[in-house]
Asker: 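Below is the structure I would like to discuss, written out as structure tokens.
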Amino acid sequence: MRSNFQKKVFNVVKKIPEGKVLSYKKVAELAGLPLSWRAVGNILNKNEDKRIPCHRVVRADRKIGGYNKGERIKTYLLKKEGIIFKNGKITSRFTK
DNA sequence: GACCTGACTCAAC
DNA sequence: AGTTGAGCCAGGT
């Protein structure tokens, strides 16, 4: 279901540049619904959006979070973009 | 209404 | 000090 909320979230995530990583909460804020960050996790994790770098969205505590295709792929893609992972935790500058 | 996911807080090791 | 788990809350599908 493409709700207005999803549309906003997708739009924000699509704008995330390579090597940049945001938290689900931050995405919700940029989408204009700072209180709906929980929903952001649901949408990004369940929907496989090829054009949506949902792998660049991680948890605010710097952990991977979830991924439709697998957490391993998510970590791999992020590392390729310059994001360093340590024990499943991100060690890079990202807008919390 | 149920289930799922993430953020925040606190406690314990 | 750093890591981990559990519980609580909010919203969407």
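Each chain gets a letter, A, B and so on, in the order its sequence line appears, and its residues count up from 1.
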Asker: Any side-chain heavy atom of A:Leu77 sitting closer than 4.5 Å to one from A:Tyr67?
Answerer: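 The answer is yes, as the side chains (C-beta and beyond) meet within the 4.5 Å cut-off.
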
Asker: Listing request: all side-chain hydrogen bond (donor to acceptor under 3.5 Å, both in side chains) pairs with a residue in residues 79-88 of chain A, at least two apart in sequence or in separate chains.
Answerer: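 Matches after skipping sequence neighbours: A:His55-A:Glu81, A:Arg56-A:Glu81.
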
Asker: Which pair of heavy atoms, one from A:Tyr24 and one from A:Trp37, lies closest together, and at what distance?
Answerer: O-CB, 3.8 Å

Asker: Output, in order, the C-alpha distance, side-chain angles, deciding distance and verdict of side-chain contact (heavy atoms from CB on, under 4.5 Å) for A:Val21 and A:Ile16.
Answerer: CA-CA 7 Å; A:Val21 76; A:Ile16 301 177; over 6 Å; no

Asker: Taking A:Val57 as the starting point, is it possible to reach A:Ile83 by hopping between hydrophobic residues whose side chains are less than 4.5 Å apart?
Answerer: no

Asker: May I have the distance from A:Leu33 (atom CG) to C:dG12 (atom P), rounded to whole angstrom?
Answerer: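 It is 8 Å, rounded to the nearest whole Å.
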
Asker: Can you give me the N/O atom pairs linking the protein to nucleotides 6-8 of chain C at distances under 3.5 Å, or say none if there are none?
Answerer:
none

Asker: A:Asn47 CG to B:dT5 P: how many Å, rounded?
Answerer: 13 Å

Asker: Any salt bridge (Lys or Arg N to Asp or Glu O under 4.0 Å) pairs touching residues 4-16 of chain A, not counting sequence neighbours?
Answerer: none

Asker: State whether the side chain of A:Ser3 and the backbone N or O of A:Gln6 hold a donor-acceptor pair below 3.5 Å, judged by distance alone.
Answerer: yes

Asker: So, does A:Ser3 get its side chain near the phosphate of C:dG12, meaning an N or O under 4.0 Å from OP1 or OP2?
Answerer: no

Asker: Heavy atoms under 4.0 Å is the rule here; annotate nucleotides 6-13 of chain B 5' to 3' with B where the base is hit, S where only the sugar-phosphate is, and - elsewhere.
Answerer: BSS-----

Asker: Using residues 88-96 of chain A as the side-chain source, report each donor-acceptor pair under 3.5 Å to any protein atom, sequence neighbours left out, with the distance given to one decimal.
Answerer:
residue: A:Thr91; atom: OG1; partner: A:Ile84; partner atom: O; Å: 3.4
residue: A:Ser92; atom: OG; partner: A:Ile84; partner atom: N; Å: 3.0
residue: A:Thr95; atom: OG1; partner: A:Lys20; partner atom: NZ; Å: 3.4

Asker: Nearest whole angstrom, please: distance from the P of C:dG11 to the NZ of A:Lys46.
Answerer: 17 Å

Asker: Check whether A:Val27 and A:Ile43 end up in the same hydrophobic cluster, where Ile, Leu, Val, Met, Phe, Trp and Tyr are linked by side-chain heavy atoms less than 4.5 Å apart.
Answerer: yes

Asker: Polar pairs (N or O, both sides) under 3.5 Å between protein and nucleotides 1-5 of chain C?
Answerer:
residue: C:dT4; atom: OP2; partner: A:Lys89; partner atom: NZ; Å: 3.0

Asker: Treating A:Lys69 as the side-chain partner and A:Lys74 as the backbone partner, does any N or O pair qualify as donor plus acceptor under 3.5 Å?
Answerer: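 No; zero donor-acceptor contacts below 3.5 Å.
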
Asker: Run A:Phe5 and A:Leu33 through side-chain contact (heavy atoms from CB on, under 4.5 Å) and show every step you take.
Answerer: CA-CA 8 Å; A:Phe5 179 71; A:Leu33 292 140; 2.9 Å; yes

Asker: Ignoring backbone atoms, test whether A:Gln6 places a side-chain nitrogen or oxygen under 4.0 Å from the OP1 or OP2 oxygen of C:dT13.
Answerer: yes

